[in-house]
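Report on the structure given below.
Counting convention: from 1, in listed order, for ligands and their atoms alike.
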Amino acid sequence: MSKFYLTTPIYYVNDIPHIGHAYTTVMADVISRYKKLCGYQVLFLTGTDEHGQKIERSAAKQGLTPKGLADAMVEQFKQLWSTLNIEYDSFIRTTDEVHVKGVQKIFSRVMEKGDIYLGEYAGHYCISCENFISDSVEETAGGMRTCPDCGRPTDNRVKEKCYFFRLSAYGDRLLKFYAENPEFVTPQTRMNEVVSFVKMGLRDLSVTRSTVKWGIPVPGDPQQTIYVWFDALSNYITAIDYLEESERFGTYWPADLHVMAKDILKYHAVYWPAFLMAAGLPLPKKELIHGWWLKDEKKMSKSSGNVLDPHILLKYFSADAIRYFLMREASIGADGNFSHEGFINRINTDLTNDWANLVSRTTGMIEKYFNNAFSLKAQYSEKEETIRQQYLELEPRVLEYFDQYQFNRGLEDIFAYINQLNRYIVDAQPWNLAKTQESLPRLEGVLKTLARAIISINTLLAPVLPETAAKVHRIFNHASFELGWKNLPEKFTITQGEQLFPRVESKVFFAETEIVPPTPQGESASVAEGVIEIEDFKKVKMVVARVLEAEKVEKADKLLKLTIDTGDGTRTLVAGIALFYKPEDLVGRKIIIVKNLKPAKLRGILSQGMILAASDAGNRPYIPILPEDTPVGAILK
Ligand code: MSP
């Protein structure tokens, strides 16, 4: 049996787990279940990153020890993973002894090799990213720098004795590795980013801190603690017993897949391979980099204050519904904006209307017309063969998408097939077939075909919807989860089950949770920069007016004073068009004005509105020409 070792990032324990963390972990769980379905011996690792200044500070603020904070948060992560049916095989904490000693081992190895040396670091540090900020990042006023990764200001200049990793020596080797393994990072755009980053040149990297106490002591120099990223990345090997280099390590390393979001790409695709090269260890085979879940156009994160707590959704929806939404809605590589409205619509449409309904209609008819057991006289037609063929074409397509981790596309195709099955019911009209004795064998053929299609599809859906898949299999008294068209025997019985995805009305959800629903135009209408709502536009009252009189304003070369008729009265305007328009050209002409502009005095004349004109780069005005029959007072809208 081939092995498949996959990992999630280990999460910082200063943050409560939110939808963003859930996304990565659900994705890894889906991959793990899918690989198991394909016959792999899978090891799925997740865990927590517990050292460093960020955790130290966060704990101090809460009056806790760092370990106390970590212990409490680990429970929160584990509890959420269990609720979401995440079946990890191993959970590593960076405070575990096997990790601490393992990190010291790899550190010593690299040091013995001469790639870690003692020096001094002077520069900026971003605590949020636990990132050293290179001096090439420009200083802003006041000596601050902006972290290139998270954009937060950093003014804590550090100057300390520390150990450096000779990263600069690895540029060429890394580039060679990327060239030989062009799919090391997927999607391709992220691989390109990594290559450009390395091509810009690599500087040696500080890998210890003397001022941070909450960390793993440097072997032989306990005044120093190991830099949190060196510590954290090593989890992928310490968790499988790099310390003893036992059989487990031999079996599972190198990892087949590291899953993460784009924020930590550099650490995984540049630093981590370099550390491994230095330690003489094989490199991971692939890194899957997904986008961010945004809320209000910003990355969901505790510091932005826009995190979504999955527990609110879990009050109304099953874990499977959340898993489905995350896998269906976001495409690898792109960022996704989370909207509750979008969530509810997606679940109600796909899972309630299409999938659950297909299962309940089919089982309902088997119960109604055959009392849950068949009479063994099924008759099949070409239509049933088409349903089977369509499945046989669908399955390899879906597997290919899943193999490329394009779950959204695989699910899209699965649901297109589910819709075909729903249409097949309408076409076959089982309710009419049930009316006469002669057509009962046809009815049996239709319902058995639906049952077989459902069980087949259910296996494909199982990695994403594990709980529901188990329920559906139970309904059909079917045990095996194997791929392929499920040729259920002619003789089988069913057991009615509970409703799979009860509908949640969005009105009820928004009223009870007090979450503010999006505006009727949809959330995205107001999001792009510079885009306005129709209501904003309506605030500007523009009308057609006729120029009654026009004259130059004394001692002002550019200004004309116009008396105009707006259809409901006359008023005065002052316009800066005198260099280009003579008064006599304007008298009698129809123009467009903004009628509700706040009046302003120009050269002592009260101007009540503004004439509209197009203007070129040199500010030359062009007054639009309206059709002769446009009524004075007509509104522009
Ligand atoms: N501790 C480091 C990782 C060390 S791995 C050796 C860390 N932790 S973290 O808690 O900040 O988690 C970052 C990861 O959480 C992201 O790479 C991503 O997998 C997941 N996400 C956190 N917020 C997210 C979104 N808003 N959207 C998508 N994924 C998100 O970095």
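- Nearest non-hydrogen protein atom to atom 25 (C) of ligand 1 is Gly20 CA, 3.5 Å.
- No option in Arg190, Met27, Met260 other than Met27 meets the side chain to side chain contact (heavy atoms under 4.5 Å, CB included) test with Leu288.
- Heavy-atom distances between Asp263 and ligand 1 reach below 4.0 Å in at least one pair.
- Taking any N or O of Tyr12, backbone or side chain, at least one lies under 3.5 Å from an N or O belonging to ligand 1.
- With Tyr11 contributing its side chain and Asn14 its backbone, the two residues share no donor-acceptor pair below 3.5 Å.
- What sits closest to atom 23 (N) of ligand 1 on the protein, heavy atoms only, is His18 CE1, 3.3 Å.
- Side-chain contact, Asn192 with Gln188: a donor N or O sits under 3.5 Å from an acceptor N or O.
- For an aromatic pair to be called close, the ring centres must be under 6.0 Å apart, and Phe164 with Tyr227 fails this.
- In this structure, Lys3 contributes its side chain and Tyr252 its backbone to a donor-acceptor pair below 3.5 Å.
- Of all the atoms in ligand 1, the ones that sit under 4.0 Å from a non-hydrogen atom of Gly291 are 28 (C).
- Of the options Tyr11, Tyr267, Tyr236, Tyr271, the smallest heavy-atom separation from atom 6 (C) of ligand 1 is shown by Tyr236.
- Near Ala232, with a cut-off below 4.0 Å to any heavy atom, the atoms of ligand 1 are 6 (C).
- Proximity of Leu283 to Leu276: side-chain heavy atoms (C-beta onward) are separated by under 4.5 Å at one or more points.
- The distance from ligand 1 to the heavy atoms of Ala261 drops below 4.0 Å at these ligand atoms: 16 (C), 17 (O), 18 (C), 19 (O), 29 (N).
- Under 4.0 Å from ligand 1, not a single heavy atom of Thr8 appears.
- Atoms of ligand 1 found under 4.0 Å from any heavy atom of Asp49 (numbered from 1 in listed order, with element): 1 (N), 2 (C), 4 (C).
- The nearest protein atom to atom 19 (O) of ligand 1, hydrogens excluded, is given as Thr24 OG1, 2.7 Å; this is a heavy-atom distance.
- Distances shorter than 4.0 angstrom occur between a heavy atom of His268 and an atom of ligand 1.
- Between Ile264 and ligand 1, no N or O atom pair is found at a separation short of 3.5 Å.
- With a 4.0 Å cut-off on non-hydrogen atoms, Lys262 does not touch ligand 1 at all.
- Taking a 6.0 Å sphere around CZ of Arg166, one finds it holds more than 12 heavy atoms contributed by other residues, nucleotides or ligands.
- A salt bridge does not link Lys213 with Glu56: every distance from a Lys NZ or Arg NE/NH1/NH2 to an Asp or Glu carboxylate oxygen is 4.0 Å or more.
- Ranking the protein heavy atoms by distance from atom 22 (C) of ligand 1 puts His21 CD2, 3.8 Å first.
- A distance below 6.0 Å separates the ring centres of Tyr170 and Phe165.
- For ligand 1, none of its N or O atoms has an N or O atom of Trp229 under 3.5 Å away.
- Residues Leu281 and Arg109 are in side-chain contact: their nearest non-hydrogen atoms beyond the backbone lie under 4.5 Å apart.
- A donor atom on one side chain and an acceptor atom on the other are not found under 3.5 Å apart for Gln404 and Arg409.
- Atom 3 (C) of ligand 1 has its closest protein heavy atom at Ile10 O, 3.2 Å.
- Atom 27 (N) of ligand 1 has its closest protein heavy atom at Trp293 N, 2.8 Å.
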